[in-house]
Amino acid sequence: MSLIEITEVRKSYGANEVLKGINLDVEPGEVIAIIGKSGSGKSTLLRCINGLETISNGSISVAGAQLHDDEVHLKALRLKVGMIFQQFNLFPHLTVGSNVMLSQTVVKKTAKPEAETMARRMLERVGLEQKFDAYPDELSGGQQQRVAIARALAMQPMALLCDEITSALDPELVAEVLAVVRELAAEGMTLLMVTHEMKFARDVCSRVVFMHQGRVHEIGRPEEVFANPQTPELRQFLGVH
Amino acid sequence: MIEFTIWDILRNLLLATRWTVVLSLVSFVGGGIVGLGLLFLRISKRAWLRSLAKYYIELFQGTPLLMQLFIAFFGLGLFGIDVPAWLAAGLALILWSAAFLGEIWRGCVEAIAKGQWEASASLGMGRLQQMRYVILPQAMKIAVPPTVGFSVQVIKGTALTSIIGFVELSKAGTVVTNATFQPFTVYGLVALIYFALCWPLSKSSQILERKLNVAHRNH
């Protein structure tokens, strides 16, 4: 059984259909890059997987947890899949440590000491254990994004969704975030990432999904997809002729 | 004719000021509690709850407080319910304050970036948990200045309750004027007492606004 099963997913905003029947199965440990023009539906697809957007049709399940639009099902689903955002979305009123501890204590009811141990371990994993007591606005963008990764990891998800997580970063900060992601991939974390980092997708991902006008237009191993694009749309997107 | 000294007048006014203060506190605290309920309705996921709160707020913001006082005082009397002035005054002011506070706070909650909702949701938090741990702590900081500012409106609003016979500062002013025939002195003092109550609040609202704008967090 696949870890993430996306079956015939459709999504409309009014008359505008942005996802037109998506099928995608993700195996445990796979790292998948979703690429495509803006408006192709790639971010929407990612946001559907943990229920930030509702779907109009089809089904999504993560490790057996089905996507349904009620709090109990959503919570079960969101415990299995974490998400990292383009804008980091750290909680500005809490310290870095509290950011990583909050959902453990509130959602999982983990005792404070254990949550703190976990938080310190996850911060160490992203190389920021010394920032435990700092506030988010004292950190650089790259550091904030690494804290966001630690915060998601502290919930011990089975998969991570990354929504253009380096797009809001200054160029010199992109590398430190990608290094963390690369390490996660090497440790066997299942990752679905919407990204514009083509080189990273080529190096790290097991499969690349090219989305175009709400459909999976082309899918395959990165060396095939990048070296030998089959459709004119992908060729144009990649800038090869 | 009996002579009244300024002190006689002031003493009587100050005694009545107690009731202005009590009524203001009751209205503000009660209005705050009801207003918090309205806030949750206003941002509910259910459309009918949102509309319910919206109509409530529009009704109470769209009619004069004086009419609300009359309706609470005389309206319930039509059903044979004898409403004392203090009850009608307290009830009307609580409901009126709630409408404004609920709407002020809704604005503050909606000022919090959508990403905060999304991040906390994606970590598995339920709606109440999101509000309690993530949204309200941030919204409260924005809410302090306008909330303190509104408390001034509440204090001035209590003056209207004199019309239905609740003896607070304004009503006491009328009573004392009728006894002393010195309207200018009496109402001048009344105005000064209101000012002494309201001005520190307005000022602190301004100071808080400046302070909270500079630092977006408290450490």
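Remember, predicted model here, so these are calculated numbers, not experimental data. Proteins get letters first, then strands, A, B, ... in listed order; numbering begins at 1 in each. FYI, side chains are in, hydrogens and waters are out, and symmetry mates aren't considered; it's all heavy atoms of this structure.
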Any residues in [range] near chain A, with a heavy-atom distance under 4.5 Å, and which are they?
| range | result |
| --- | --- |
| residues 24-62 of chain B | none |
| residues 100-126 of chain B | B/Lys114, B/Gly115, B/Gln116, B/Glu118, B/Ala119, B/Ser120, B/Ala121, B/Ser122, B/Leu123, B/Gly124, B/Met125, B/Gly126 |
| residues 78-99 of chain B | none |

message: Sub-4.5 Å heavy-atom contacts with chain B: which residues of residues 76-84 of chain A show up?
response: A/Arg78, A/Val81, A/Met83
Could you tell me whether a side-chain N or O of [X] sits under 3.5 Å from a main-chain N or O of [Y], the two making a donor and an acceptor?
| X | Y | result |
| --- | --- | --- |
| A/Thr110 | A/Gln104 | yes |
| A/Ser12 | A/Ala15 | no |
| A/Gln145 | A/Ile165 | yes |

Test side-chain contact (heavy atoms from CB on, under 4.5 Å) applied to A/Thr7 and A/Asn23, A/Leu24, A/Asn57, A/Ile60, the passing residue: A/Asn23
Need one label for [X]: side chain, backbone, both or neither, based on atoms under 4.5 Å from any heavy atom in chain B.
| X | answer |
| --- | --- |
| A/Leu161 | neither |
| A/Leu52 | side chain |
| A/Glu71 | side chain |
| A/Phe91 | both |

message: For B/Arg127, which atoms come within 4.5 Å of any heavy atom of chain A: side chain, backbone, both, or neither?
response: both
query: Salt bridge or not for A/Glu176 and A/Arg146, using N-O below 4.0 Å?
result: yes
message: Ring of A/Phe132, cation from A/Arg120 - is the NZ or CZ under 6.0 Å from the centre and inside 45° of the axis?
response: yes
task: Please determine, among A/Lys108, A/Gln87, A/Gln86, A/Arg47, the option with the most heavy-atom pairs under 4.5 Å with chain B.
output: A/Arg47
